[in-house]
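Step one of this worksheet: look at the structure below.
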Number of protein chains: 2
Amino acid sequence: MRILLIEDEKELAAALAVALSKHGIVIDHTTHLADAAELVRQSDYDAILLDRRLPDGEGLSFIPLLRRVGRDAPIIVLTARNEPMERVEGLDIGADDYLGKPFLVQELMARLRAVLRRPAALAELQINVGRMVVDPLHLSVKVDDVPLDLPRRELLVLSALAKRRDKTVLRSTLEAAVYNYEEEIQSNALDAHISRLRKRLSDAGAGVSIHNIRGVGYLLKEE
Amino acid sequence: MRILLIEDEKELAAALAVALSKHGIVIDHTTHLADAAELVRQSDYDAILLDRRLPDGEGLSFIPLLRRVGRDAPIIVLTARNEPMERVEGLDIGADDYLGKPFLVQELMARLRAVLRRPAALAELQINVGRMVVDPLHLSVKVDDVPLDLPRRELLVLSALAKRRDKTVLRSTLEAAVYNYEEEIQSNALDAHISRLRKRLSDAGAGVSIHNIRGVGYLLKEE
DNA sequence: GTCTCCGTAATGCTGCTGCAATTTTTGCGG
DNA sequence: CCGCAAAAATTGCAGCAGCATTACGGAGAC
């Protein structure tokens with residue numbers, strides 16, 4: 001669990017960091033909106049705790065900014081500005097919850113849990129071929145719902161093929177999917193991977209086959 | 001938009017009905033939990049407003065009941081019982097928000113909107129794998145219903161794995177789940193955690209195993 | 001103090017992976 | 001239909017990257 005805390009009161013921040021870390025939460029802390037924007041670009045947080053009064057502006061202004069970048073982590077506003085109408089303002093600008101200072105850490109935790117129970121709907125890209133399901137994002141392959149673990153390079157080849165199922169994938173495309181610039185290859189390493197991959201897939205009864213298009217590349221399809 | 005209001009104060013209920021209807025919300029109102037259970041069976045509400053003190057019992061008890069039937073409509077508790085620890089209790093039993101009486105209708109509306117913005121599906125509160133139950137939000141693990149206490153970092157690793165059971169979890173994802181920027185790690189700390197975790201799980205007879213996908217990451221599955 | 005957690009590093013080992021040699025397949029021209 | 005050359009498939013092998021395990025010591029909790 002990874003949380004971004006945007007809060008300029010150092011003591012409160014430190015106390016929260018300690019308290020939340022006991023609950024197994026990893027906190028990144030910053031005091032300025034500008035830094036927060038940068039941090040958010042770099043990693044994907046499970047939740048964001050946001051103060052309103054910050055050295056470089058009103059915390060709430062961060063919310064639309066965040067959403068516009070496509071981040072949907074839940075946001076809890078922590079602030080001394082706790083009049084009912086201020087709460088309405090915060091919630092309507094897009095906060096998921098609003099908690100007035102001072103507060104019990106226990107209540108913050110409970111509100112965090114409440115907000116985290118509802119997962120960000122992330123587009124799950126899964127490719128079904130034959131009896132096989134390939135998930136290139138999670139780098140996982142299942143056959144008949146049982147996980148199949150493949151060596152890294154074979155996994156890369158397979159997922160490159162699966163992304164373009166029933167279409168020819170150029171040999172050069174496959175090489176690019178498996179090797180980066182530094183590691184040039186000399187021999188028929190790719191062919192070898194294909195060969196071993198075929199064997200593993202057929203052993204597992206994946207219900208797919210890898211065809212070769214002579215001089216061009218390969219193609220994955222159901223058998 | 002259709003909402004179920006479970007509230008025994010007639011005047012408040014009537015006022016709410018009027019207020020919300022101006023926002024185009026349809027309210028079904030009942031004063032008893034028993035009736036509420038019946039109503040929920042019949043229609044699918046977008047949200048539920050729940051009082052705690054009700055003629056036939058504690059309102060909170062309705063929440064697990066509802067979830068068990070597979071309804072995931074967001075629930076906002078409206079109540080005069082507004083001590084911090086009472087709020088914690090309500091949220092942790094599964095409410096999505098908790099609003100003390102008296103309140104402004106505007107704030108209720110704002111909280112409703114906040115809650116309705118969130119994706120509909122509820123995350124699994126608890127993950128069952130093998131003989132083990134993992135609760136990533138509370139960070140607790142049980143084997144055959146007896147609590148198993150694990151060191152914090154091992155717990156974090158385990159819950160990151162459990163959230164994606166049967167899927168590969170990237171090494172980098174695991175690292176991010178356990179460490180923040182300040183605490184970079186140099187060595188094979190993660191490997192060591194995995195190793196110790198394996199031992200503890202097997203000692204406890206958890207009925208799961210952690211597989212390694214060479215060059216990619218790890219994967220938790222039943223054995 | 002005593003205990004557990006946790007990062008580090010040393011050790012041993014597994015099996016991935018690149019290579020090359022050999023065999024098989026494919027497409028083409030005679 | 002056959003023969004040939006180029007492309008692809010297969011497989012053994014050796015090197016080594018990545019992983020598992022464990023011991024040790026520091027740090028912090030109680």
Residue list, salt bridge (charged side-chain N to carboxylate O under 4.0 Å, His left out) with A:Arg111, at least two apart or on another chain:
A:Asp97, A:Glu107, B:Asp97
What pairs with A:Arg41 under salt bridge (charged side-chain N to carboxylate O under 4.0 Å, His left out), at least two apart in sequence or on another chain?
A:Glu38
Show every donor-acceptor pair shorter than 3.5 Å between a side-chain atom in residues 3-18 of chain A and any protein atom, with sequence neighbours excluded, or say none if there are none.
{"from": "A:Glu7", "atom 1": "OE1", "to": "A:Lys101", "atom 2": "NZ", "distance (Å)": "3.0"}
{"from": "A:Glu7", "atom 1": "OE2", "to": "A:Glu9", "atom 2": "N", "distance (Å)": "3.1"}
{"from": "A:Glu7", "atom 1": "OE2", "to": "A:Lys101", "atom 2": "NZ", "distance (Å)": "3.3"}
{"from": "A:Glu9", "atom 1": "OE2", "to": "A:Lys101", "atom 2": "NZ", "distance (Å)": "3.2"}

Residue pairs involving residues 207-223 of chain A (criterion salt bridge (Lys or Arg N to Asp or Glu O under 4.0 Å); sequence neighbours excluded):
A:Arg165-A:Glu222
For residues 197-210 of chain A, which residue pairs pass the salt bridge (Lys or Arg N to Asp or Glu O under 4.0 Å) check, not counting sequence neighbours?
A:Glu154-A:Arg200, A:Lys199-A:Asp203
Looking at A:Tyr179, does any N or O in its side chain come under 4.0 Å of the phosphate oxygens OP1/OP2 on C:dG18?
yes
C:dG18 phosphate, OP1 or OP2, under 4.0 Å from A:His193 side-chain N/O
yes
What does nucleotides 15-28 of chain D look like as a protein-contact string, B for base, S for sugar-phosphate only, - for none, at under 4.0 angstrom between heavy atoms?
--BBSSBBB-----
Please list, chain by chain and in numerical order, all residues satisfying side-chain contact (heavy atoms from CB on, under 4.5 Å) with B:Asp135, sequence neighbours excluded.
B:Gln126, B:Leu137, B:His138, B:Ser140
For the pair made of [atom1] in [X] and [atom2] in [N], what is the distance, rounded to whole Å?
| X | N | atom1 | atom2 | answer |
| --- | --- | --- | --- | --- |
| A:Leu197 | C:dC16 | CG | C1' | 14 Å |
| B:Arg153 | C:dT8 | CZ | P | 11 Å |
| B:Leu158 | C:dC5 | CG | P | 15 Å |
| A:Leu170 | D:dA8 | CG | P | 12 Å |

Any Lys/Arg nitrogen of A:Arg67 or A:Asp72 sitting under 4.0 Å from an Asp/Glu carboxylate oxygen of the other?
no
Donor-acceptor pairs under 3.5 angstrom involving side-chain atoms of residues 53-62 of chain A: please list them, not counting sequence neighbours.
{"from": "A:Asp56", "atom 1": "OD1", "to": "A:Leu33", "atom 2": "N", "distance (Å)": "3.0"}
{"from": "A:Asp56", "atom 1": "OD2", "to": "A:Leu33", "atom 2": "N", "distance (Å)": "3.2"}
{"from": "A:Asp56", "atom 1": "OD2", "to": "A:Ala34", "atom 2": "N", "distance (Å)": "3.1"}
{"from": "A:Glu58", "atom 1": "OE1", "to": "A:Arg52", "atom 2": "NE", "distance (Å)": "3.4"}
{"from": "A:Glu58", "atom 1": "OE1", "to": "A:Arg52", "atom 2": "NH2", "distance (Å)": "3.0"}
{"from": "A:Glu58", "atom 1": "OE1", "to": "A:Arg81", "atom 2": "NH1", "distance (Å)": "3.4"}
{"from": "A:Glu58", "atom 1": "OE2", "to": "A:Arg52", "atom 2": "NE", "distance (Å)": "3.2"}
{"from": "A:Glu58", "atom 1": "OE2", "to": "A:Leu60", "atom 2": "N", "distance (Å)": "2.9"}
{"from": "A:Ser61", "atom 1": "OG", "to": "A:Glu58", "atom 2": "O", "distance (Å)": "2.7"}

Secondary-structure stems for DNA chain D, with pairs counted as Watson-Crick or G-U when both distances are under 3.5 Å and runs at least 3 long
C:1-30 with D:1-30
Nearest-nucleotide 5' precedence on DNA chain C, A:Pro151 against B:Asp149:
B:Asp149
